[in-house]
Protein chains: 2
Amino acid sequence: MSAALADPPPALLPVAEHSIPARRVIFRQRDMHDVVPFICHGWAAAAVTLSDGSRQILSFLIPGDIVSSSLLFGPAAHCMVEAITEVHYRCFRREDLKSMLLTDPDLFDKISRLWIDGKLRAYDLAVDLGRRTADERIARLILGLKERLTSRGLAQGETMDFPLRQHHVADATGLTAVHVSKVLSEFRRRGLIEINDRCLTILKPVEFQRIATMR
Amino acid sequence: MSAALADPPPALLPVAEHSIPARRVIFRQRDMHDVVPFICHGWAAAAVTLSDGSRQILSFLIPGDIVSSSLLFGPAAHCMVEAITEVHYRCFRREDLKSMLLTDPDLFDKISRLWIDGKLRAYDLAVDLGRRTADERIARLILGLKERLTSRGLAQGETMDFPLRQHHVADATGLTAVHVSKVLSEFRRRGLIEINDRCLTILKPVEFQRIATMR
DNA sequence: CGCAGTTTTGATTTCTGTCAACGTCTGTGG
DNA sequence: CCACAGACGTTGACAGAAATCAAAACTGCG
């Protein structure tokens, strides 16, 4: 189960709410903020862009996620965030959160959990990118998303929303969109998964899981 | 400059000091601890091992590093730590650190800095593994280590201790030891670096830097 | 000395990227 | 309602990067 601040502390009032259309950048790598934004609706991606234009997506953000958890501690976001679908998010003042943090040990634990989870996911990503094949990476991405969605009550059994384009999958797995297309086609051909209408269903959970955990 | 707790808070006394010989595991992925260990001498590696035996090194630990920064918040280390050289480290009680954390805002900032740095390095690693070639990854690993050593006064100009075996470099960069050997040979042949006696010197800093930042 | 761990080198294979062409879908404006 | 443009997805031929395999030399050490 992944930690999330699905219910922000009731004493805390958002200072702003925003709505952003799909494919729009929410904020850039060098931006500074004194607010901490939480996603309440839609999907986004946190990414880094290299000077040759290639991108690495570090994490997909779904409802309940902090947009950039380093904003909890300082004004630097450190990565670019882009809306995938239409996104609604709410901002809280960092100063408010910080002072609550020091007085409310419960909130402190919640935030620590959030941080540790984020770091573990960053490490998992590194392991995937460093040591796994294209098939494994893609299967693991899908299963990881499904697990996170499930833990927030946002999945329906083996079916889940899947608004990602193949280039998102490519940018997240360190592959090219062309290769992602080939791997997904092969998954479909083998009857492992099905993608219709921006929804993904895992048809053979056991076999699919095996691909993700080959090593 | 990378954050480090080179000088632990003076009021805090280590509850234990240890010395571990080279190549010995300091602790395992599933171990639980109520102490937070800091390296005071030697190099170690934090790694994850997959079931087929392949490993991904997530970070090299040098003097001043917390052995596993997730230990600040909970008893789970989440990865294996192995000594590369002989290592000396000191342990502090998590409970002591935690209660100081809530009273001493200065320490709080220091620790936040440490966390953010750790996470940024995890993200950098993911970007390197996902989007860069073997040459770039190896050059960046070397330069990253040099920078961290320099910021702690542990490097001598363009020369630094380099106790890593080629398999360490391979495990950290997602490559094989064979390929690392070929790339390092090529670097040497081009007169970019020199490795003698477990010491590495960057002979052409500008050119070497360029390899690391090609994209 | 002998042994285990390391490094080097070359031949070959596998995986993934690149390039290019084409088909589909979606939303927009006439 | 249709035409069109841009984004997206698919496919095949080919190229390139790194892995794998194998053998041999080197290193440090009990």
Side-chain angles (χ1 to χ4, degrees), chain A residues 21-25 45 50 52-56 82-86 128-139 141 162-190 193-200 211 214-215, chain B residues 21-25 45 50 52-56 82-86 128-139 141 162-190 193-200 211 214-215:
Chain A
R23 300 155 92 278
R24 185 77 52 85
V25 170
L50 303 186
D52 71 342
S54 63
R55 301 186 346 148
Q56 178 64 49
E82 201 175 294
I84 293 171
T85 64
E86 186 189 48
D128 288 351
L129 295 175
R131 291 293 167 206
R132 299 190 198 267
T133 65
D135 290 12
E136 294 174 278
R137 292 186 214 174
I138 294 175
L141 174 65
F162 197 77
L164 306 185
R165 305 291 161 163
Q166 294 188 352
H167 77 261
H168 291 120
V169 176
D171 288 347
T173 52
L175 302 167
T176 58
V178 173
H179 198 62
V180 168
S181 168
K182 287 169 183 169
V183 171
L184 286 178
S185 297
E186 178 64 13
F187 284 169
R188 270 187 306 239
R189 197 195 57 71
R190 291 209 260 158
I193 61 171
E194 184 180 76
I195 305 181
N196 291 316
D197 239 4
R198 309 282 143 210
C199 273
L200 187 152
I211 290 177
M214 291 235 99
R215 62 186 83 195
Chain B
R23 300 156 91 278
R24 185 77 52 83
V25 170
L50 303 186
D52 73 342
S54 63
R55 300 184 351 146
Q56 178 64 48
E82 200 175 294
I84 292 171
T85 63
E86 187 189 49
D128 288 351
L129 295 174
R131 290 293 167 204
R132 298 190 199 265
T133 64
D135 290 12
E136 294 174 278
R137 291 185 215 174
I138 293 175
L141 173 65
F162 197 77
L164 306 184
R165 305 288 160 166
Q166 294 187 354
H167 75 81
H168 290 121
V169 176
D171 288 348
T173 52
L175 302 167
T176 59
V178 172
H179 197 63
V180 168
S181 168
K182 287 170 183 170
V183 172
L184 286 179
S185 297
E186 179 64 13
F187 284 169
R188 270 186 306 239
R189 197 195 57 70
R190 292 210 261 158
I193 61 171
E194 184 180 77
I195 305 181
N196 290 316
D197 237 4
R198 309 282 144 211
C199 274
L200 187 152
I211 289 178
M214 292 236 100
R215 64 185 85 194

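All of these numbers come straight from a predicted model, not from anything done at the bench. Here is the naming used below: chain letters follow the sequence lines, and residue numbers restart at 1 for every chain.
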Pair B:Lys182 + B:Glu186, salt bridge at N-O below 4.0 Å: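 Salt bridge: no.
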
Phosphate OP1/OP2 of D:dA18 contacted by B:Thr176 side-chain N/O (<4.0 Å):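 Looking at the OP1 and OP2 atoms of D:dA18, neither is under 4.0 Å from any side-chain N or O of B:Thr176.
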
Under 4.0 angstrom between B:Thr133 side-chain N/O and D:dA17 OP1 or OP2: no

[atom1] of [X] versus [atom2] of [N]: gap in Å, rounded?
X: B:Gln166; N: D:dA18; atom1: CD; atom2: P; answer: 16 Å
X: A:Asp197; N: D:dC8; atom1: CG; atom2: P; answer: 17 Å
X: B:Ile195; N: D:dC26; atom1: CD1; atom2: P; answer: 18 Å
X: B:His179; N: D:dG16; atom1: NE2; atom2: P; answer: 15 Å
X: A:Glu186; N: D:dG12; atom1: CD; atom2: P; answer: 13 Å
X: A:Leu129; N: D:dA18; atom1: CG; atom2: P; answer: 15 Å
X: A:His168; N: D:dA7; atom1: NE2; atom2: P; answer: 13 Å
X: A:His167; N: D:dG6; atom1: NE2; atom2: P; answer: 17 Å

Toward the 5' end of DNA chain D, by each residue's nearest nucleotide, A:Leu164 or B:Ala134: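 Upstream on the strand: A:Leu164.
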
Euclidean distance, A:Ile138 CD1 relative to A:Asp128 CG, rounded to 0.5 Å: 11.5 Å

Separation between CD1 of B:Ile193 and CZ of B:Arg188, rounded to the nearest 0.5 Å: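 Between B:Ile193 CD1 and B:Arg188 CZ, I get 6.5 Å after rounding to 0.5 Å.
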
With A:Asp171, the side chain to side chain donor-acceptor pair (under 3.5 Å) member among A:Gln56, A:Arg165, A:Arg55, A:Gln166: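 Passing option: A:Arg55.
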
Sugar-phosphate, base or nothing in reach of B:Arg137, heavy atoms under 4.0 Å: nothing

Sugar-phosphate only, base, or nothing, as touched by B:Arg132 at under 4.0 Å among non-hydrogen atoms: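 It contacts nothing in the nucleic acid.
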
Under 3.5 Å donor-acceptor, A:Arg215 side chain and A:Arg132 backbone: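 No; judged by distance alone, with no hydrogens or angles, the pair does not exist.
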
B:Ser54 side chain vs B:Leu50 backbone, donor-acceptor pair below 3.5 Å: no

First-last contacting nucleotides on DNA chain C - partner chain A, under 4.0 angstrom, heavy atom: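 The contact span of chain A on DNA chain C goes from C:dT16 to C:dC19.
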
Toward the 5' end of DNA chain C, by each residue's nearest nucleotide, B:Arg23 or B:Ala177: B:Arg23

Residue whose nearest DNA chain C nucleotide is more 5′ - B:Arg198 or A:Leu175: B:Arg198

Donor on one side chain, acceptor on other, B:Thr133 and B:Asp135, under 3.5 Å: no

